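Residue numbers start from 1 in every chain, and the chains themselves are labelled A, B, ... in the order their sequence lines are given, proteins ahead of strands. These numbers come from a predicted model, not from an experiment. Because only heavy atoms are used, hydrogens play no part in the values below, and waters and symmetry mates are left out as well, while side chains stay in.
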Amino acid sequence: MVELKNVDVHYKDGGKGGVDALHNVNIRINDGEFVFVVGNSGAGKSTLLKLLTRELTPTNGRVFVNGYNLSKIKKRKLPYFRRSVGMIFQDFRLIPDMTVYENVAFVLRVIDKSNKYIRQRVPYVLNLVRLADKAKVKPTQLSGGEQQRVAIARAFAIDPGLIIADEPTGNIDPALSYEMVELLKDINKCGTTVIMVTHEHDLVQYFGGRIINLSSGSVAFDDYIEGEEDEDEGE
Amino acid sequence: MRGSNFSYLMKQGVVSVWRNRMMSFASFCIIMVSLLLISLSLLVAADINIVIESAEEKNEVLVYVSDADQARLDSVESAIKTQSYVGEVVFYSKEEAWEDQKAKMEEYSELFDALTENPMPDTFRVTLSDISKMDEARAAFEAIEGVESVSAPYDFASVLVSLRTTLAIIGGAVLIALIVVCIVIVYNSTRTSVFVRRKEIGIMKSVGATNFFIKFPFFIEGMFIGIISGAVAWLLTKLAYESLVSFFAGDLTIWEVLGLVNVIQFNDIMWIALGFNCLAGAFLGAFGTILSMGKHLKV
């Protein structure tokens with residue numbers, strides 16, 4: 001579960017008097033939900049993500065993610081919190097010297113999984129993102145869409161309770177964006193909560209579901225909309 | 001941590017040496033040269049100490065006493081022994097001296113027979129426990145009532161003592177400078193390594209790697225370079241030192257006088273030297289890495 005209670009974030013270095021990046025934000029996302037977070041540049045999307053990964057602490061209010069109170073979490077417990085969250089970035093953040101297999105296995109080593117588990121888990125998640133045949137290839141030899149699928153496999157490999165995707169379709173062919181969201185939806189169906197930040201309104205309108213719209217640091221809209229996908233299925 | 005992941009981290013540390021090879025090579029060279037100089041300095045310093053100790057063993061201050069009865073001799077001996085730096089005191093009587101002298105100069109026995117009186121003085125052979133007190137000892141012994149004269153090899157002793165002091169000061173300064181240079185180079189090497197691996201480190205942080213997991217490969221990298229540098233420095237020390245010893249061994253006469261025939265043989269301390277070099281290298285590598293990580297690797 002993700003919960004933000006009366007959260008304010010004030011940046012002191014944002015010019016005269018600083019900048020209010022988030023103001024009195026209250027959000028609750030239950031386990032197993034799929035949520036789109038949308039908003040214009042400067043709306044507070046990045047600040048929100050930084051709060052959820054505990055790169056930032058709120059000026060006021062409290063943030064809870066997967067049972068951790070991020071406003072009070074001790075530094076030594078941070079790695080263990082982060083193991084419960086899978087991150088997907090716009091720029092993929094794959095390690096170029098490592099193969100696709102090694103990129104995914106790497107995060108499992110980081111969280112101290114056994115060789116046996118790694119040998120079983122990596123092929124499973126690569127198969128899930130339909131990249132089993134590219135296991136021995138380096139990321140630089142893959143297309144943008146394939147690289148993002150590796151990033152999704154890597155995020156899902158640690159079996160997180162929550163996946164946060166920061167503009168995951170920003171660097172790939174628009175036609176592949178839908179495929180990417182489908183993939184995240186599949187992961188969501190396994191019970192993993194997914195928060196996807198995007199500025200692609202077409203995607204949001206197509207898939208629908210819960211939408212949180214941030215505007216000038218506040219929640220301007222938080223509700224469910226029916227997607228075109230659902231309408232297509234209905235017809 | 002699982003054994004498999006521990007060995008993975010060890011491997012990552014070693015692989016990183018190659019990945020960051022230019023800075024690794026710079027660290028290797030500077031640690032190796034420093035350890036070579038440190039090892040050679042320590043060996044030469046130890047040899048100089050051997051020479052000084054040998055000279056100390058042989059150092060004899062001769063205290064001459066003329067026309068003294070037994071009571072006077074006893075009081076002189078007591079006065080000599082009151083000095084804290086006095087080691088051994090051996091009495092060498094004028095009769096013994098006379099007999100020894102006659103034995104040495106047998107061919108002039110007629111001349112000795114012609115003498116009606118024994119011209120040799122009674123002598124105390126005093127060995128000092130601290131050669132640096134030679135000058136002080138001479139002054140103190142000369143001041144004792146009944147002492148006719150004092151003979152002390154002061155010049156040789158003072159040269160050795162000042163040589164040892166000078167070498168200790170220069171060696172110490174060079175040692176400190178080399179250690180600082182080593183640490184600075186390893187520090188920069190680690191900083192470069194952190195920069196090269198910043199993406200990997202960012203990913204590690206985001207997926208929940210512990211501080212240990214992130215820092216350990218850098219630590220291994222620094223230690224590995226240090227150990228290899230230490231081993232190579234040891235080999236070069238062996239070659240350089242043995243060449244030096246064999247060069248001096250070519251002309252034994254003067255070195256024998258100085259006690260240099262008893263210098264340390266490298267083979268006798270070979271394994272201790274290897275251990276010292278590797279440990280010192282590992283320490284320098286690890287210390288530089290720890291300093292750099294504290295500054296540049298905020299996890």
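- When side chains are defined from C-beta on, Glu200(A) counts as touching Ser177(A), because their heavy atoms get closer than 4.5 Å.
- Cation-pi geometry between Arg21(B) and Phe28(B) is not met at under 6.0 angstrom from the ring centre and within 45 degrees of the axis.
- Note: Phe283(B) and Phe287(B) have parallel aromatic rings, judged against thresholds of 30 and 60 degrees for the angle between ring planes.
- Using bins of under 30°, 30° to 60° and over 60° for the plane-to-plane angle, the ring pair Phe212(B)/Phe6(B) lands in the parallel bin.
- When heavy atoms are compared at a cutoff of 4.5 Å, Ile111(A) approaches chain B solely by way of its side chain, counted from C-beta outward.
- Counting non-hydrogen atoms of other residues, nucleotides and ligands closer than 6.0 Å to OH of Tyr117(A) gives a total above 12.
- Cation-pi check for Lys185(A) over Phe207(A) is not met; the charged atom does not lie both under 6.0 angstrom from the ring centroid and within 45 degrees of its normal.
- For Arg76(A), no part sits under 4.5 Å from any heavy atom of chain B, backbone or side chain.
- Using non-hydrogen atoms only and a strict 4.5 Å limit, no part of residues 41-68 of chain A faces chain B.
- Judged by a 6.0 Å distance limit and a 45° cone about the ring axis, Arg93(A) is positioned over the six-membered ring of Phe89(A).
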